[in-house]
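Here the structure is laid out as structure tokens; the discussion comes afterwards.
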Amino acid sequence: QVQLVESGGGLVQAGGSTRLSCEIFGRTEGTYCVGWYRQAPGKEREGVATLEDNGRTTYRDSVKGRFTISQDNTKNTVSLQMDNLTPEDTATYYCAAEGPTCYYSDYDGIELFRYKGQGTQVTVSS
């Protein structure tokens with residue numbers, strides 16, 4: 001059973017940066033897709049970024065050039081570097097993973113990923 005544990009986030013001023021991390025436990029052999037989605041109060045969930053084991057990444061348009069998804073060499077930690085934050089980025093951010101086979105890895109399909117973390121709050125003040 002794959003488990004995901006997020007860390008990072010908190011209160012950040014507009015224009016600032018923060019980094020989220022997601023530890024992946026129970027990963028087995030195979031091809032995984034990992035990523036982040038978010039949900040703001042009163043709004044629908046939205047995919048933010050995804051990363052395949054082969055290094056392919058996808059981002060929603062509103063975060064392109066500001067957010068960077070990456071994973072460490074062990075592929076057991078996935079990070080989301082968030083720069084130039086705006087109040088519109090305020091949300092609970094969730095880590096998600098699918099594997100050991102991943103058929104669709106784009107950010108707009110992340111809600112279908114089977115494994116999800118508990119979320120970590122990011123609040124951007126103006």
Side-chain angles (χ1 to χ4, degrees):
Q1 180 72 14
V2 174
Q3 293 185 322
L4 310 176
V5 179
E6 300 102 334
S7 61
L11 179 62
V12 186
Q13 285 192 330
S17 299
T18 195
R19 187 178 183 90
L20 307 182
S21 292
C22 172
E23 286 193 79
I24 304 173
F25 299 93
R27 179 179 168 132
T28 60
E29 287 190 20
T31 299
Y32 281 77
C33 302
V34 295
W36 296 86
Y37 65 96
R38 65 188 180 187
Q39 188 165 22
K43 295 188 178 181
E44 303 214 345
R45 292 178 183 178
E46 57 182 25
V48 174
T50 56
L51 170 66
E52 292 183 45
D53 278 353
N54 64 9
R56 177 178 175 269
T57 58
T58 71
Y59 296 91
R60 73 179 303 106
D61 286 347
S62 62
V63 307
K64 282 181 181 176
R66 300 189 299 122
F67 291 10
T68 303
I69 188 171
S70 62
Q71 62 184 2
D72 68 355
N73 289 338
T74 69
K75 297 182 179 178
N76 287 326
T77 300
V78 181
S79 298
L80 185 69
Q81 177 67 36
M82 305 163 65
D83 299 319
N84 194 20
L85 286 160
T86 73
E88 288 69 36
D89 295 316
T90 295
T92 301
Y93 284 74
Y94 299 85
C95 179
E98 178 59 55
T101 302
C102 182
Y103 294 105
Y104 186 77
S105 62
D106 287 5
Y107 74 89
D108 59 357
I110 194 171
E111 290 190 45
L112 299 178
F113 288 11
R114 278 182 292 169
Y115 308 110
K116 297 179 173 70
Q118 295 300 305
T120 186
Q121 179 67 34
V122 174
T123 302
V124 184
S125 63
S126 57

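The chain is numbered in sequence order, starting from 1.
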CA sep, side-chain torsions, deciding dist, call: V34, K75, side chain to side chain contact (heavy atoms under 4.5 Å, CB included) = CA-CA 10 Å; V34 295; K75 297 182 179 178; over 6 Å; no
Decide yes or no on side chain to side chain donor-acceptor pair (under 3.5 Å) for S79 and Q81, but give the supporting numbers first.
-> CA-CA 6 Å; S79 298; Q81 177 67 36; over 6 Å; no
Evaluate the side chain to side chain contact (heavy atoms under 4.5 Å, CB included) criterion for residues I69 and V78: first the C-alpha distance (whole Å), next the side-chain angles of each, then the deciding distance (0.1 Å), finally the verdict.
-> CA-CA 7 Å; I69 188 171; V78 181; 3.9 Å; yes
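Side chain of D106 to main chain of D108: no donor-acceptor pair is present (N/O by atom type, distance under 3.5 Å, no hydrogens or angles). In terms of modelled atom types and a separation under 3.5 Å, the side chain of Y94 and the main chain of E6 share no donor-acceptor contact. Looking only at distances, a side-chain donor or acceptor of T120 sits under 3.5 Å from a matching main-chain atom of G8. Between the side chain of Q39 and the main chain of T92, no donor-acceptor pair closer than 3.5 Å is present. Under a 3.5 Å cut-off, the side chain of R60 and the backbone N or O of G47 do form a donor-acceptor pair. Remark: side-chain polar atoms of T90 are paired, donor with acceptor, to backbone N or O of V124 under 3.5 angstrom.
Put simply, Y107 and Y115 are part of two different groups of oily side chains (I, L, V, M, F, W, Y) that touch within less than 4.5 Å, one to the next. No chain of hydrophobic side-chain contacts below 4.5 Å, direct or via other Ile, Leu, Val, Met, Phe, Trp or Tyr residues, connects Y37 to V63. Residue L80 is grouped with residue I24 when hydrophobic side chains (ILVMFWY) are merged at heavy-atom distances under 4.5 angstrom, including chains of intermediate members.
Each of R114, K116, R27 was evaluated against E98; a single residue qualifies, R114, per the salt bridge (charged side-chain N to carboxylate O under 4.0 Å, His left out) test.
Rounding to the nearest 0.5 angstrom, the gap separating the CD atom in E46 from the CD1 atom in I110 is 11.0 Å.
Of all the heavy atoms in G35 and F113, the pair that sits closest is N-CE2, 4.4 Å. Residue G26 comes nearest to V2 through the heavy atom pair O-CG2, 3.7 Å, listed as atom of the first residue, atom of the second, then distance. The shortest non-hydrogen separation linking C102 to Y32 is CB-C, 4.4 Å. Pairing each heavy atom of S126 with each of A14, the nearest pair is CA-CB, 4.2 Å. Annotation for N54 and R56: closest pair OD1-N, 2.9 Å, computed over non-hydrogen atoms.
Within 6.0 Å of the CD atom in E111, the count of heavy atoms belonging to other residues, nucleotides or ligands exceeds 12.
Inter-residue side-chain proximity for R66 and M82 is flagged as unmet; no heavy-atom pair is nearer than 4.5 Å. Side-chain contact check for L20 versus V122: some heavy-atom pair is nearer than 4.5 Å. In this structure, the side chains of R19 and S70 come closer than 4.5 Å at one or more pairs of heavy atoms. Looking only at side-chain heavy atoms (C-beta outward), R38 and D89 come within less than 4.5 Å of each other. Residues F25 and V5 have side chains in contact (heavy-atom distance under 4.5 Å, counting atoms from C-beta outward). Counting only heavy atoms from C-beta outward, the side chains of L85 and F67 approach each other to under 4.5 Å. Between W36 and C22, some side-chain heavy-atom pair lies under the 4.5 Å cut-off.
Checking D83 against S17 by side-chain atom types alone, a donor-acceptor pair falls below 3.5 Å. E23 and T77 form no side-chain donor-acceptor contact under 3.5 Å, judged by distance and modelled atom types alone. In this model, a donor atom of one side chain and an acceptor atom of the other lie less than 3.5 Å apart for T50 and T58. For S105 and E52, the side-chain atoms include at least one donor-acceptor pair closer than 3.5 Å.
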